[in-house]
Amino acid sequence: MVDFIRQIDLNVFSMMMMMTILFALNEQKFNRSKSKSAFKRLLIGILVMLVLDIVTWYVDGKSGDIYRMMNFVTNSILLGLTPLPPILWLLYISNLIQKDFNPGKRYYVYLFAPLGIIMLMSVCSPFTGWIFTVSPDNIYSRQPLFNLMNLFSFSYAAYGSVIILRNRKKYKKTKLFSLLSFMFLPLIGGIFQILFYGLILYWNSLALSMIIMYLNVQSKEVNLDYLTDVNSRKSLDNHLNKRILSFNSNNKFAVIMIDIDKFKEINDKYGHKAGDRALVNFAESLKNSIRNNDFIARYGGDEFVIVMDCDSRTAIDRSILRIKKTLEQFNRESREPYKLDFSYGYSIYDEKQMLDADHFVDYVDQLMYDYKKNKQTMT
């Protein structure tokens, strides 16, 4: 029993961590995003695999028909479902990157077909010995087609990594490496587990990657605006309060308030779904125009706020010019029935004004409305 406990102690620890994260996600009742649901399914999938892995280690080598039958059944399920976590991870990545991800039935047929093949081969293995065998002494051993299962799993993980790398401009390095950890940590753990039978590393490597993704990706989603995937109003308040509290002459910053022109007309003429797409497209244009260390948030409705390190109006004007050029490119290439334009106001924070975060944003907001009013008068 002591040897068994030593073998599965990592699995038990990983299960405890997975359950802790699952509990934390359930507490986030206000976050109903598809990526959260996909992340929970992935967590539950890994939890199930960890439990099955523990059972297989417990029954292996024990005498008795019941233990031998359990060895067949649990290994058939465990090995047959091995490609499932990479599939669930691929779906999580797709929902995280594409907010309106909604593929057709054919996509799911292609996605799960290899899993069905592996599951069938695994279930048949007690009779065919394709993937594994169990000796009369109840000793489990791998068979030649065992690595086919690993190949399918690696293929899903590799495809998900390609999707992440194609969208790498959306993420900072920490977030990018966290997402890619699902590919590389299990790969390393799986290689060692294949080379040195008796090591329990693969599922624990997956669990570790889930912890990394939760800490650097999923837990931070609660601070994002669900529709546009930029920071929320609450995050903006926290960020500005910190900047003002730590303000000094070497840490100057500016706030830019931006409002989409004629947004109500887009909603009224083309419908609210088109209006939502306009918000998403506008937010993407902003993200593609600002620097990685700039802070962008949705203030409310069609208003966005950018907080940037800055001590001159020239630097702000350059940022606004980049936004205009990005929107001009979007308007040329987009098939949307509307064109996007914006009004703005900005100010560099000055401690002599003695303004807190709320009053400073209100001040910049008024500058933006003054600009918008003058713009409408001119047109």
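Side chain of S334 to main chain of N331: no donor-acceptor pair is present (N/O by atom type, distance under 3.5 Å, no hydrogens or angles). Listed for the K287 side chain is no donor-acceptor partner under 3.5 Å among the backbone atoms of V230. Listed for the S285 side chain is a donor-acceptor partner under 3.5 Å among the backbone atoms of N281. Between the side chain of D53 and the backbone N or O of M49 there is no donor-acceptor pair closer than 3.5 Å. Side chain of S135 to main chain of I139: a donor-acceptor pair is present (N/O by atom type, distance under 3.5 Å, no hydrogens or angles).
Residues N251 and R243 bring a donor and an acceptor atom of their side chains to less than 3.5 Å of each other. Side-chain atoms of T228 and D225 form a donor-acceptor pair, as typed in the model, at a separation below 3.5 Å. Using modelled atom types and a 3.5 Å distance limit, the side chains of D370 and Q366 yield a donor-acceptor pair. Side-chain N/O atoms of D362 and H359 include no donor and acceptor closer than 3.5 Å. For the 3.5 Å distance criterion, the side chains of R233 and Y299 qualify, holding a donor opposite an acceptor. With hydrogens and angles left out, the side-chain atoms of S141 and T133 include a donor and acceptor closer than 3.5 Å. Looking only at atom types and distance, the side chain of S125 has no donor-acceptor partner in the side chain of S122 under 3.5 Å away.
Within a 6.0 Å sphere centred on OH of Y108, heavy atoms belonging to other residues, nucleotides or ligands number more than 12. No more than 12 heavy atoms of other residues, nucleotides or ligands lie within 6.0 Å of OH in Y363, so this atom counts as exposed by the packing criterion. With a 6.0 Å radius and a threshold of 12 heavy atoms from other residues, nucleotides or ligands, R106 has its CZ atom at or below the threshold.
Between Y344 and F342, the ring-plane angle classifies as tilted under the 30° and 60° cut-offs. Relative orientation of the F295 and H239 rings is parallel, given thresholds of 30° and 60° on the angle between their planes.
Side-chain contact between D302 and D259 is present, with at least one heavy-atom pair separated by less than 4.5 Å. For the pair F39/N95, no side-chain contact is recorded, criterion being any heavy-atom separation below 4.5 Å from C-beta on. Using a 4.5 Å cut-off on side-chain heavy atoms (C-beta onward), M183 and F154 make contact. Using a 4.5 Å heavy-atom threshold, the side chains of I290 and M308 count as separate. A 4.5 Å side-chain heavy-atom check between I131 and L148 finds every atom pair outside the cut-off. Put simply, the side chain of R298 does not reach to within 4.5 Å of the side chain of E303, judged on heavy atoms.
Listed by first and then second residue, the side chain to side chain donor-acceptor pair (under 3.5 Å) pairs that reach into residues 65-75 are D60-N71, N71-N75, N71-N138, sequence neighbours excluded. For residues 323-350, every residue pair satisfying the salt bridge (Lys or Arg N to Asp or Glu O under 4.0 Å) rule, not counting sequence neighbours, is listed here: R277-E336, D341-K375. Counting only residues at least two apart or on different chains, the ring-ring contact (aromatic ring centres under 6.0 Å, His included) pairs with a member in residues 266-288 are F282-F304.
Across V305, D365, I306, a single residue satisfies side-chain contact (heavy atoms from CB on, under 4.5 Å) together with V255, and that is V305.
For I97 against I164, the heavy-atom pair with the smallest separation is CD1-CA, 4.3 Å. Closest approach of A254 and I316 over heavy atoms only: CB-CD1, 3.6 Å. What you find for R322 and S289 is that their closest heavy atoms are NE-O, 2.8 Å. Shortest non-hydrogen contact noted between S343 and K372 is OG-CG, 3.5 Å. Scanning all heavy atoms of the two residues, the minimum distance from G345 to V364 falls at O-CG1, 3.3 Å. Taking every heavy atom of both residues into account, A297 and S232 meet most closely at CB-O, 3.8 Å.
For F247 and Y349, the ring centers sit closer than 6.0 Å to each other. The six-membered or imidazole ring of F101 lies near that of Y107, with a centre-to-centre distance under 6.0 Å.
Both L25 and L88 belong to a single network of hydrophobic side chains, linked directly or stepwise wherever heavy atoms of I, L, V, M, F, W or Y lie under 4.5 Å apart. L215 and F13 fall within a single hydrophobic cluster, where Ile, Leu, Val, Met, Phe, Trp and Tyr are joined by side-chain heavy atoms under 4.5 Å apart, directly or via other members. Under the 4.5 Å side-chain contact rule for hydrophobic residues, L179 and I212 do not share a cluster. I348 and I256 end up in the same hydrophobic cluster when Ile, Leu, Val, Met, Phe, Trp and Tyr side chains are linked at under 4.5 Å. Placement of L321 and I260 in two distinct hydrophobic clusters is found when ILVMFWY residues are connected by side-chain heavy-atom separations under 4.5 Å, directly or transitively.
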Would L206 and W89 count as a side-chain contact (heavy atoms from CB on, under 4.5 Å) if you check the C-alpha gap in whole Å, the side-chain angles of each, and the deciding distance to 0.1 Å?
CA-CA 10 Å; L206 282 178; W89 176 69; over 6 Å; no
